[in-house]
Amino acid sequence: MIYDNQIKNRLKRVEGQIRGVLKMMEEGQECKDIVTQLSAARNAIDRAIAVIVSTNLEHCIRQEIEKGNHESEKLIQEAVNLLVKSR
């Protein structure tokens, strides 16, 4: 699967958030503020996982349809399993 710029940009933003948290720690910011930023980074990672899984699922289903196979239940179940594991 080819990962598009949307997914890469999401992860670059997460990387920036993590760098920001490290800077906050170095500056001695309050625990509450650091945890808030870490939660935001975790949510951004969760969204990135969802985008990656859904994009991959779409790609796989399109490939199966092109091959003439219209049964996509197994692919959908794999995607659901990935999402469940990521939680």
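When a residue number appears, it is its place in the shown sequence, counting from 1.
The minimum heavy-atom distance linking Arg10 with Ala48 is given by the pair CD-CA, 4.2 Å. A pairwise comparison of heavy atoms in Ile18 and Ala41 identifies CD1-CB, 3.8 Å as the closest pair. Minimum interatomic distance between Ala44 and Val14 (heavy atoms only, all atoms of both residues): CB-CG2, 3.5 Å.
Annotation: the span from Ile49 atom CD1 to Leu11 atom CG amounts to 9.0 Å, rounded to 0.5 Å. The distance from the NZ atom of Lys8 to the CZ atom of Arg13 is 14.5 Å, given to the nearest 0.5 Å. Atoms CD1 and CG, from Ile7 and Asn56 in turn, are 9.0 Å apart once rounded to the nearest 0.5 Å. The CD1 atom of Ile65 lies 11.5 Å from the SG atom of Cys60; values are rounded to the nearest 0.5 Å.
A heavy-atom distance below 4.5 Å is found between the side chains of Arg47 and Asn43. By the 4.5 Å heavy-atom criterion applied to side chains, Ile76 and Ile61 are counted as neighbours. With a 4.5 Å cut-off on side-chain heavy atoms, Met25 and Val21 count as touching.
Applying the 6.0 Å contact sphere to CD of Glu27 captures more than 12 heavy atoms from other residues, nucleotides or ligands.
In this structure, Thr55 contributes its side chain and Ile52 its backbone to no donor-acceptor pair below 3.5 Å.
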Trace of the salt bridge (charged side-chain N to carboxylate O under 4.0 Å, His left out) decision for Arg62 with Glu66:
CA-CA 6 Å; Arg62 288 183 191 276; Glu66 287 174 6; over 6 Å; no
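Remark: Lys23 does not engage Glu26 in a salt bridge, criterion side-chain N to carboxylate O under 4.0 Å.
Checking Gln77 against Asn81 by side-chain atom types alone, a donor-acceptor pair falls below 3.5 Å.
Val35 and Met24 are not part of a single hydrophobic cluster, where members link through side-chain heavy atoms under 4.5 Å apart.
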